[in-house]
Every structure is written in structure tokens, then in C-alpha cells.
Amino acid sequence: MTVRVGVLTGGGDAPGLNAAICGLGRRLVEADAELIGFADGWRGMLEDDTRDIKNWNFQHLLVHGGTLLGSSDAYPYRDPDVMVPKVLATIKRHRLDALVAIGGEGTLGAANRLFQEHQVPVVGIPKTIDNDLDATDFTFGFFSAVEVATRAMDDLRSTAESHSRVMVVECMGRHAGWITAYAGVAAGAEGILVPERDAHIEALCQRLEQVRNGGARHAIIAVAEGTRVYEDGECLSPSERDEWGNYQVGGVAELLAQKVAAKLRWDARSLVLGHLQRAGKPLAFDRIFALRLGARAARLVLEKKFGRMAAMQAGEIVDVPLADAVAARKVLTSAFLDKYESFFLPIGEL
Ligand code: F6P
């Protein structure tokens, strides 16, 4: 009997999603399995909205950014009593032998719970530009986002130099500083601020003073959107939290630019890179990485190894329990922060 496999892409899109579908689709087609696409992540499962992808030319998907299946923040555990039965009914209606969920902590967290609590035969593929999933060295989309942020900082140097300005560049990553740290180090930013270390205005100004005293007429500060900012021991960042209990993110670059301009009398501007970091074609690395993850996920399906996720460990494509990937958020390690210590601002108040 033909193996029937559902696939969905959930959460914020990331360059490489289509390449992952390509790897999955090609391997499944070779094995005569049938692939059924669900539209807009969990929304497609909740509302039984499918995409006929049987005739897609999977090879052509490789280069496309975004996700041709569509994505959304729909999440079956937002209202489990009502929503989970709908997902289970869709699985039954389509006689799915497996469901491949491509996503980050929200999408894969739901997939893991469906596996643990209802024995849904799920396989996961990790994606997020934030790189904050555990049990994998990297997630695809991350290096594409880093490239966008790095090039933006490189380019900003000329205008910052012309106007003798400080440019504060806000990168995505929610509560993890991976994009900011990699791009900031690569672009030689004069200061990097990440959520893993609270930022203190006093320390930032002292760093910029040193830079100015060293003869520089401009500076680039890379800041992660989730960084919490303090001044005179008081937190200046918003105290509102989202539905997951996390602090709301965003607006930190403008706050820092205003403080720098006022305190140092050094003209400062802010730039939020925003969704550009998720936009466009994936880097070659992300295409190949996602393709390999997709192929591994197909193998897991065909071997009936459910509740597992394709991953990269020590550069090799492996598979790991899905539960390991979603147990804790992967943030910048102290080893990383120590290695690049000179780029980051000192911890705590001065
Ligand atoms: O999780 C990926 C991410 O790009 C975060 O870095 C960012 O905070 C968020 O998504 C933005 O999401 P939205 O598409 O809802 O604006």
C-alpha cells in the first residue's frame, strides 16, 4: 500500500524551507510514497486545507526563498480541547502514515506533544533563522540571515563614516543572540549586545568613548531585538509579555541610538533589519543543508522512526529525539561569549 505523508511548514519562514521540501519530496517520490501538503502550517491541519503538490517539480524548489506551502502561527495547543481533535481528524481523514513538521520551537513543540500524547507518527525538520533549537548545531535559514545582517553592517559603514555617526543595527533572533553575534563579529562591529547579557547604557557609552578616543569617527553597534537595556540600574525595556510569557521584543536600537546621542553628543541613528533577514533566496549552504535534512526526514518516515528530528551534529546529518530539540531554547553559550569577549560589552554595570 502507498505510504501517505503529510507535510507542513509552520512559524516564521526561513530561507531553505522549499529546499527541505525538495529533499523530502524527491526521496518520497523515489519510494513511491504520496506527499500531501498542508497550507499555512497547523492552520491547514486544523481546517483541512491541503495543497496538491504531487506534480510539483521538487528540483525547482531549491532556489526559492520562503515556503510555497505557506506558513502561519496557528498552534493546536493554543486551545487543545478543541484544536487537537481537529488535527487528529484531519490525519485520519487523509489516512496519513506520517506527518512531517518543518518548523521551530512552536511547530516542533506541538509535533512532539502530538507524538507523546496521541502517538501521531511525526518526524521533524528544524528551521528558524534564530538558530535557537537544541540538539542540532544549526538550523537552516540561520546563515542566510547572518549574511543579510553582515552585509547590511558592512554597507552601513560608508554612510556612518561620512556623517561621523554611530549606527545601531537591530537584528532578529527573539530571545537568542545568534544572528547578532555572528553578524556582529563578522562585520567587526564596535559593540555587540545580545539577550544573553543585559545591556547597560553606561557600559555602551564607555565602549563608544574608547572607540572615539582611539580616533574613530564612526561606529557600528549590533543589537539583538530581545536585548534588555538598563540605565542607572533601572530597566528601560518594555515589561509586557507575550502569550508565551516572554518579553515583547523590538525597538531597542532606537532606544540605544537616542541614549548615545544624548549622553555622548555623538550623532546616532538606528536601523531595524527586520524581515529582510528572512527574505530572498537561501545561501547555497542553507539550500544543501535543508535538502539533506529533508532527505533524512524521508528516511525516518520510510523506516517508521517517529518522534524524531533530522539534525546536524558535528557537521554530520543525524537524527535525534524530537523531545531533545524542544526541551530548552538554545541560546549563546558562555564558551562562545568568552571566545569573542572583546566584541561584547562587559557584563553588568560599571
Ligand atoms: O522566529 C523567527 C523570527 O524571525 C524572530 O527572529 C522574530 O522576532 C519573529 O520571527 C518575527 O515574526 P513575525 O513574522 O511574526 O513578525
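Remember, it's a predicted structure, so these values are computed and weren't measured experimentally. We number each residue from 1, following the sequence as shown.
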Sub-4.5 Å side-chain heavy-atom contact between Lys330 and Trp178: yes
Short side-chain donor-acceptor distance under 3.5 Å, Thr90 and Asp48: no
More than 12 heavy atoms of other groups within 6.0 Å of Arg241 CZ: yes
Check: Tyr182 ring centroid to Phe336 ring centroid under 6.0 Å: yes
What donor-acceptor contacts under 3.5 angstrom involve side-chain atoms of residues 22-32, with partners at least two apart or in another chain?
residue : atom : partner : partner atom : Å
Arg26   : NH1  : Gln59   : OE1          : 2.6

Side-chain (Asp79) to main-chain (Met83) donor-acceptor, under 3.5 angstrom: no
Nearest heavy atoms of Ala290 and Gly16, plus distance in Å: CB-O, 3.2 Å
Any donor-acceptor N or O pair under 3.5 Å, side chains Tyr77, Glu117: yes
Non-hydrogen side-chain atoms of Phe306 and Val122 separated by less than 4.5 Å: no
Side-chain heavy atoms of Leu193 within contact of Thr180, under 4.5 Å: no
Nearest-0.5 Å distance that lies between atom CD in Glu34 and atom CZ in Arg95: 8.5 Å
Sub-4.5 Å side-chain heavy-atom contact between Ile201 and Tyr230: no
Pairwise distance SG(Cys205) to CH2(Trp266) - rounded to 0.5 angstrom: 10.5 Å
Heavy-atom closest pair, residues Pro126 and Ala310: CD-O, 3.0 Å
Transitive ILVMFWY side-chain link Val260 to Ile220, under 4.5 Å: no
Thr227 and Arg197, any side-chain heavy atoms less than 4.5 Å apart: no
Counterpart residues, ring pair (Phe, Tyr, Trp, His ring centres under 6.0 Å), relative to Phe140 (two or more places apart): none
Approximate separation, where rounding is to 0.5 Å, of Lys259 NZ and Leu255 CG: 6.5 Å
For the student: nearest non-hydrogen atoms of Ala187 and Met153, plus distance: CB-CB, 3.6 Å
Interatomic distance, Gln258 atom CD to Lys263 atom NZ [nearest 0.5 angstrom]: 13.0 Å
His175 and Arg329: side chain donor to acceptor below 3.5 Å: no
Least distance between heavy atoms, Ala222 atom then Gly184 atom: CB-CA, 4.2 Å
Side-chain ion pair, Asp319 and Arg296, N-O less than 4.0 Å: yes
Distance-only donor-acceptor check, side chains Gln206 and Glu202, under 3.5 Å: no
Leu156 with Val211, same ILVMFWY side-chain cluster at under 4.5 Å: no
Backbone of His200 reached by a side-chain donor or acceptor of Glu231 within 3.5 Å: no
Heavy-atom side-chain proximity of Arg308 to Leu322 below 4.5 angstrom: no
Arg78 atom CZ, over 12 foreign heavy atoms within 6.0 Å: yes
Atom pair CG (Leu273) and CZ (Arg151), whose distance is rounded to the nearest 0.5 Å: 13.5 Å
Heavy-atom side-chain proximity of Thr107 to Ile102 below 4.5 angstrom: no
Residue pair Ser144 / Asp286: nearest heavy atoms and the distance that separates them: OG-OD2, 2.6 Å
Same apolar cluster (I L V M F W Y, side chains within < 4.5 Å links), Ile125/Leu283: yes
Reported NZ-to-CG distance for the pair Lys304 and Asp97, which is rounded to 0.5 angstrom: 7.0 Å
Asp198 and Arg228 ion-paired at < 4.0 Å: no
Full working for side chain to side chain contact (heavy atoms under 4.5 Å, CB included) between Leu35 and Val7: CA-CA 7 Å; Leu35 191 59; Val7 58; 3.8 Å; yes
Donor-acceptor pair, side chain of Ser158 and main chain of Asp155, under 3.5 angstrom: yes
Any donor-acceptor pair under 3.5 Å from Asp134 side chain to Val326 backbone: no
Flag, side chain of Thr50 to backbone of Phe38, donor-acceptor distance under 3.5 Å: no
Residues Arg157 and Glu161 bridged, charged N to O under 4.0 Å: no
Trace of the side chain to side chain contact (heavy atoms under 4.5 Å, CB included) decision for Arg43 with Asp49: CA-CA 8 Å; Arg43 189 195 67 72; Asp49 187 3; 2.6 Å; yes
Glu170 side chain to Ala253 backbone, donor-acceptor under 3.5 Å: yes
Given Phe138, Phe143, Phe142, the one that forms ring-ring contact (aromatic ring centres under 6.0 Å, His included) with Phe285: Phe143
Main-chain N/O of Met172 paired with Gln277 side-chain donor or acceptor, under 3.5 Å: yes
Flag, side chain of Thr67 to backbone of Asp13, donor-acceptor distance under 3.5 Å: no
Whether Lys127 side chain and Gly10 backbone form a donor-acceptor pair below 3.5 Å: yes
Same apolar cluster (I L V M F W Y, side chains within < 4.5 Å links), Val100/Leu62: no
For Ile129 against Ala14, the heavy-atom pair lying closest together: CG2-CB, 4.0 Å
Common cluster, Leu108/Val5, ILVMFWY with side-chain heavy-atom separation under 4.5 Å: yes
Greater than 12 external heavy atoms within 6.0 Å of Arg212's CZ: yes
Note, Val123 side chain near Met309 side chain (heavy atom, < 4.5 Å): no
Leu271 and Val168: CA distance, side-chain angles, deciding distance, side chain to side chain contact (heavy atoms under 4.5 Å, CB included) verdict: CA-CA 6 Å; Leu271 179 74; Val168 187; over 6 Å; no
Donor-acceptor contact below 3.5 Å, side chain Glu196 vs main chain Leu332: yes
Full working for side chain to side chain contact (heavy atoms under 4.5 Å, CB included) between Val194 and Leu337: CA-CA 10 Å; Val194 289; Leu337 288 163; 4.3 Å; yes
